[in-house]
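Here's the structure we're looking at; comments come further down.
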Amino acid sequence: MVKQRADAPDGFFEAEAAGLRWLGEPAAGGGARVVRVVAAGAGRIELERIHEGRPTPAGARAFGAALAVTHAAGAAAFGAPPDGWDGPLFIGRRALPVAHESSWGRFYARDRVLPYLSIAVDAGGVTSSQLPVIREAIDRVAAGEFDDDEPPARLHGDLWNGNLLWDDRGGVLIDPAAHGGHRETDLAMLALFGAPYLEEIVAGYDTARPLRAGWRGRIPVHQLHPLAVHAAGHGPSYGVALADAARATLAL
């Protein structure tokens with residue numbers, strides 16, 4: 001399968017290829033399957049074709065366990081790019097800041113929420129009345145209130161259900177925004193857009209690498225990033241959802 005984009009920024013498809021290869025490294029040791037890169041270059045990437053099928057509860061549980069192994073492969077720092085890649089990162093068509101941060105909260109607030117919040121405000125996706133509660137939640141995150149001793153995980157980074165395909169062997173990851181982050185962020189994005197058999201995915205994950213107590217309550221914290229990205233480009237309904245997630249964050 002070939003994806004082409006004549007107006008692709010420099011490094012756009014090369015970043016995708018680097019992310020796929022990095023995420024694919026743990027697959028040999030039980031990590032999540034990743035679509036294979038055939039070739040990548042300026043304005044073009046060629047990938048293996050996945051012959052899609054239906055997800056099953058057993059396949060979802062196996063995928064969850066495999067995702068835990070991928071996350072555990074780690075990253076150099078919060079915000080770090082895939083090993084060996086020193087070019088730009090992207091989420092969808094937007095630039096994704098690179099960081100080398102030791103504090104997850106500082107990284108997440110500064111590099112995953114604030115850049116897209118400013119765009120969303122300018123685009124009308126977030127209103128002036130919504131902004132104070134969102135900024136208050138971001139300040140709490142930046143202050144380290146949700147930091148823990150988890151090491152940087154090897155994240156897919158854009159793990160909504162459209163980037164998780166299913167074939168007769170189970171789940172396959174595509175189209176990442178791969179970077180070092182908190183492992184709960186990938187799970188929160190799966191929850192945000194309704195992955196099939198999500199509870200089976202979580203059960204498989206938790207069996208392989210138990211999640212920290214209270215992780216479900218922290219889902220809104222980890223949804224601030226994708227909601228800010230969507231509020232920047234997909235309309236005011238996502239600004240409403242972003243403000244709701246901010247209120248839920250403040251209630252923790």
Side-chain angles (χ1 to χ4, degrees), residues 19 67-68 70-83 88-91 94-121 125-126 130-160 176-192 202 205-206 209-232 238-239 241-252:
L67 181 63
T70 298
H71 285 169
F78 293 114
D83 295 344
L89 298 179
F90 301 89
I91 183 162
R94 295 193 183 277
L96 186 72
V98 173
H100 296 277
E101 182 62 75
S102 59
S103 162
W104 175 79
R106 283 198 302 267
F107 148 71
Y108 187 73
R110 183 190 65 218
D111 299 312
R112 291 298 178 267
V113 187
L114 282 173
Y116 308 102
L117 178 62
S118 61
I119 297 169
V121 170
V126 169
Q130 294 164 340
L131 195 55
V133 71
I134 297 170
R135 287 198 174 277
E136 185 179 354
I138 293 169
D139 287 346
R140 280 190 58 183
V141 173
E145 290 192 28
F146 301 98
D147 284 11
D148 53 38
D149 59 358
E150 293 262 346
R154 188 168 301 200
L155 291 193
H156 179 282
D158 192 12
L159 193 52
W160 69 291
H179 64 275
H182 198 294
R183 61 186 179 134
E184 290 176 6
T185 303
D186 268 352
L187 296 175
M189 188 171 285
L190 282 172
L192 181 60
V202 170
Y205 190 108
D206 197 44
R209 188 179 175 210
L211 290 154
R212 294 173 65 92
W215 75 270
R216 289 186 187 272
R218 292 187 295 273
I219 286 175
V221 180
H222 293 275
Q223 290 179 342
L224 293 172
H225 165 53
L227 287 171
V229 172
H230 279 71
Y238 287 103
L242 177 59
D244 287 344
R247 291 187 192 94
T249 296
L250 294 172
L252 294 174

_Residue pair Asp158 / Val229, side-chain heavy-atom distance below 4.5 Å_ = no
*asked:* Would you compute the distance between atom CG of Leu159 and atom CG of Leu67 and round it to the nearest 0.5 angstrom?
replied: 6.5 Å
_More than 12 heavy atoms from other groups under 6.0 Å of CZ on Arg135_ = no
*Reported CZ-to-OG1 distance for the pair Phe78 and Thr185, which is rounded to 0.5 angstrom*: 9.0 Å
*Closest heavy-atom pair and its distance - Ala231, Gly239*: CB-N, 3.9 Å
_Gap between atom OG1 of Thr70 and atom CZ of Arg154 - 0.5 Å precision_ = 8.5 Å
*Does the separation of the ring centres of Trp104 and His222 fall below 6.0 angstrom?*
yes
_Using the ring centroid of each side chain, check whether His71 and Tyr205 are separated by less than 6.0 Å._
yes
*Looking only at heavy atoms, what is the nearest atom pair of Ala99 and Asp111, with distance?*
CB-OD2, 3.4 Å
*asked:* Between Asp186 (side chain only) and Leu155 (backbone N and O only), is there a donor and an acceptor less than 3.5 Å apart?
replied: no
*Grab the two heavy atoms, one from Arg209 and one from Ala68, that are nearest each other, plus how far apart they are.*
CB-CB, 3.9 Å
*Check the pair Gln130, Leu242 against side chain to side chain contact (heavy atoms under 4.5 Å, CB included), reporting the backbone distance first and the verdict last.*
CA-CA 9 Å; Gln130 294 164 340; Leu242 177 59; over 6 Å; no
*Check side-chain contact (heavy atoms from CB on, under 4.5 Å) between Ile138 and all other residues, then give those that pass, not counting sequence neighbours.*
Ala109, Val113, Leu114, Leu117, Ile134
_Quick check: closest heavy atoms across Ala228 and Ala120, and the distance to 0.1 Å?_
O-CB, 4.4 Å
*Full working for side chain to side chain contact (heavy atoms under 4.5 Å, CB included) between Asp149 and Arg212*: CA-CA 10 Å; Asp149 59 358; Arg212 294 173 65 92; 2.8 Å; yes
_Apply side chain to side chain contact (heavy atoms under 4.5 Å, CB included) to residues Arg216 and Val202 and explain how you reach the verdict._
CA-CA 11 Å; Arg216 289 186 187 272; Val202 170; 4.0 Å; yes
*Hey, does Pro115 have a side-chain heavy atom less than 4.5 Å from the side chain of Leu96?*
no
_Inter-residue atom distance Trp215.CH2 - Asp148.CG, 0.5 Å rounding_ = 14.5 Å
*Kindly assign one of parallel, tilted or perpendicular to the pair Tyr108 and His225, based on the angle between their ring planes and the thresholds 30° and 60°.*
perpendicular
*Validation row: Trp160, His230 side chains within 4.5 angstrom (heavy atoms)*: no
*Which value, rounded to the nearest 0.5 Å, describes the distance between Leu187 atom CG and Gln223 atom CD?*
11.0 Å
*Are side-chain heavy atoms of Met189 and His156 found at a separation under 4.5 Å?*
no
*What heavy-atom pair brings Ala188 and Ile219 nearest, and what distance separates the two atoms?*
CB-O, 3.9 Å
*asked:* Is there a side chain to side chain contact (heavy atoms under 4.5 Å, CB included) between Leu252 and Glu145? Walk through the geometry before answering.
replied: CA-CA 10 Å; Leu252 294 174; Glu145 290 192 28; over 6 Å; no
*What pair of heavy atoms forms the shortest contact from Ala153 to His182, and how long is it?*
CB-C, 4.4 Å
*asked:* Rounded to the nearest 0.5 Å, what separates atom NE2 in His179 from atom CD1 in Ile91?
replied: 8.0 Å
*Backbone N/O of Pro97 and side chain of Arg112: donor-acceptor pair under 3.5 Å*: yes
_Polar side-chain atom of Arg94 near backbone of Ala232 as donor-acceptor pair, under 3.5 Å_ = yes
